[in-house]
Q: 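Structure incoming, see below.
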Amino acid sequence: MDADLLHARLAPWYAEHRRDLPWREPGFTAWGTLVSEIMLQQTQVARVRTAIVEWLGRWPTPAALADAPTHEVLRAWGTLGYPRRALRLQDAARAIVERHDGVVPSDVPTLLALPGIGDYTARAVAVFHFRQRHPVVDTNVRRVVARAVVGQGDAGPAARADLARVEALLPADDDEAGTVSIALMELGALVCTARTPRCDACPLLADCAWVAAGRPAYEGRRAPRQAAFAGSDRQVRGTVLRALRAVDVPLPRAELAGLWPDAGQLDRAVASLAADGLVVVEGDAVRLPH
DNA sequence: TACCCGTGGCC
DNA sequence: TGGCCAAGGGT
């Protein structure tokens, strides 16, 4: 697939079908883009689109979040999931204040050095806000490229080689490259979906290697399946944190004991939460960090 | 590399 | 209905 052909196919489609999302509004700040991308890590757009507005209304700058009490940050994160992201987001805010005078950095290596920001998020900020030319590779992009370009029904496990593969598909122009990236993501989210792709509505239908091959089933290596949630340590951690968010006082362990039948597993969960900095053990009680 | 980390919605 | 999936990152 030629980079210019890809842009020619995707740009008009994206212009017509792009969703109106808060982080796509004119004037959305670099900080807002960074916060939204972290919230979007493994969390659906529908849940982030309301949460991001409330969050930025409360903490509109890195300095504001850096100064916030951590227990309030965790409460505001609420049920978005993976609460370590909230901790790292505040750590990133503090790093931005301390290392960069409160200004969100624009270059990828500096963004990558911030806590909680990896290959995807660093480039998303650099491309979507600062309009630089980098490959932005998320699960949508990997799936669309696997189908349209490689001709496979699905992408295998993520690999660092994906970055170079996608980079080769970007037009030379910074702005056009950014459009290709956001359009690939939008196409993967709306049309080239994981379960039931709507190929009849796809702007790449005529050029798609997977369709040309007759849409063969994927036989390659798959990403490892996620462990069952029911009964897992993750469920216990979530249960404990939910209880702590609901009150503004430390909870005695005796009270936590009512939350989970397996006392040993509960203790391990509290210990792992403490190791992550998500809770503080104070004598016989557990609380959110100050 | 494989595994850990929450929560909700989908068919 | 239970497994799959969702704008990943850290270790």
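Every chain is numbered from 1, with letters handed out A, B, ... down the list of sequences.
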Q: Write down the distance between CG (A:D138) and P (C:dG9), rounded to a whole number of angstrom.
A: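 Value for this atom pair: 10 Å.
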
Q: Does A:R47 contact B:dT7 through a side-chain donor or acceptor facing the base, at a distance under 3.5 Å?
A: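 Side chain to base: pair found, below 3.5 Å.
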
Q: State whether the distance check finds a donor on one side and an acceptor on the other, under 3.5 Å, for side chain A:R85 versus base B:dC5.
A: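 No, no donor-acceptor pair under 3.5 Å.
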
Q: Ignoring backbone atoms, establish whether A:S272 has a side-chain N or O less than 4.0 Å from OP1 or OP2 of B:dC5.
A: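 Negative; the distance criterion is not met.
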
Q: Given atom CD of A:Q42 and atom P of B:dC5, what is their separation to the nearest angstrom?
A: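 From A:Q42 CD to B:dC5 P: 14 Å.
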
Q: Can you tell me how far the CD atom of A:Q41 sits from the OG atom of A:S36, to the nearest 0.5 Å?
A: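 The OG atom of A:S36 is 10.0 Å from CD of A:Q41, to the nearest 0.5 Å.
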
Q: Look at all strands and tell whether A:W23 reaches a base, only sugar-phosphate, or nothing, counting heavy atoms closer than 4.0 Å.
A: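 Base, at least one base heavy atom under 4.0 Å.
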
Q: Just to confirm, is there a sub-4.0 Å distance from OP1 or OP2 of C:dA6 to any side-chain nitrogen or oxygen of A:T139?
A: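 Affirmative; the distance criterion is met.
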
Q: Starting at CE of A:M185 and ending at P of C:dA6, how long is that distance when rounded to a whole Å?
A: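 Atom CE in A:M185 sits about 12 Å away from atom P in C:dA6.
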
Q: For the base of C:dG9, is there a side-chain donor-acceptor partner from A:Q41 under 3.5 Å away?
A: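 Absent.
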
Q: Expressed as a whole number of angstroms, how long is the span from A:R143:CZ to C:dA7:P?
A: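 For the pair A:R143 CZ and C:dA7 P, the rounded distance is 8 Å.
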
Q: Roughly, in whole Å, what's the span from OH in A:Y82 to P in B:dC4?
A: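 It works out to 11 Å between those atoms.
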
Q: Can you check the distance between C:dC5 and C:dT1, where both ends of the measurement are the C1' atom (answer in whole Å)?
A: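 Looking at atom C1' only, C:dC5 and C:dT1 are 16 Å apart.
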
Q: For the side chain of A:L40, starting at C-beta, report the closest nucleotide among B:dG8, C:dA7, C:dC5.
A: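 Minimum distance to the A:L40 side chain belongs to C:dA7.
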
Q: Specify the separation, in whole Å, of atom CZ of A:R198 and atom P of B:dC10.
A: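 Atom-to-atom, A:R198 to B:dC10, this comes out as 16 Å.
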
Q: Under 4.0 Å between any heavy atoms, over every strand shown, what does A:A124 touch: base, sugar-phosphate, or nothing? Just pick one.
A: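 Here A:A124 touches no strand at all.
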
Q: Once you apply a heavy-atom cut-off of 4.0 Å, does A:P83 come out as touching a base, just sugar-phosphate, or nothing?
A: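 Sugar-phosphate only.
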
Q: Does A:R123 come within less than 4.0 Å of A:D119, counting only side-chain N to carboxylate O?
A: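 Yes.
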
Q: Can a donor-acceptor pair under 3.5 Å be found between the side-chain atoms of A:T43 and the base atoms of B:dG6?
A: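 Yes.
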
Q: Using a 4.0 Å heavy-atom cut-off across all strands, classify A:D276 as base, sugar-phosphate, or nothing.
A: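 Touches nothing.
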
Q: A:L87 CG to C:dG10 P: how many Å, rounded?
A: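 Going from A:L87 (CG) to C:dG10 (P), I get 13 Å.
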
Q: Would one find more than 12 heavy atoms of other residues, nucleotides or ligands at under 6.0 Å from atom CG of A:D2?
A: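 Correct, the count exceeds 12.
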
Q: Enter the distance from A:H71:NE2 to A:D248:CG here, rounded to the nearest 0.5 Å.
A: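 Interatomic distance, A:H71 NE2 to A:D248 CG, rounded to 0.5 Å: 9.0 Å.
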
Q: Give a yes/no on whether any side-chain N or O of A:R88 is located under 4.0 angstrom from OP1 or OP2 of C:dG10.
A: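 A:R88 to C:dG10 OP1/OP2: no side-chain N or O under 4.0 Å.
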
Q: Could you tell me whether A:L241 contacts a base, only the sugar-phosphate backbone, or nothing, with contacts defined as non-hydrogen atoms closer than 4.0 Å?
A: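 The residue A:L241 makes no contact with any strand.
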
Q: Contact class for A:R195 (heavy atom, under 4.0 Å): base, sugar-phosphate, or nothing?
A: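 Base contact.
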
Q: So A:Q226, base contact, sugar-phosphate only, or nothing? Heavy-atom distance under 4.0 Å.
A: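 Base, at least one base heavy atom under 4.0 Å.
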
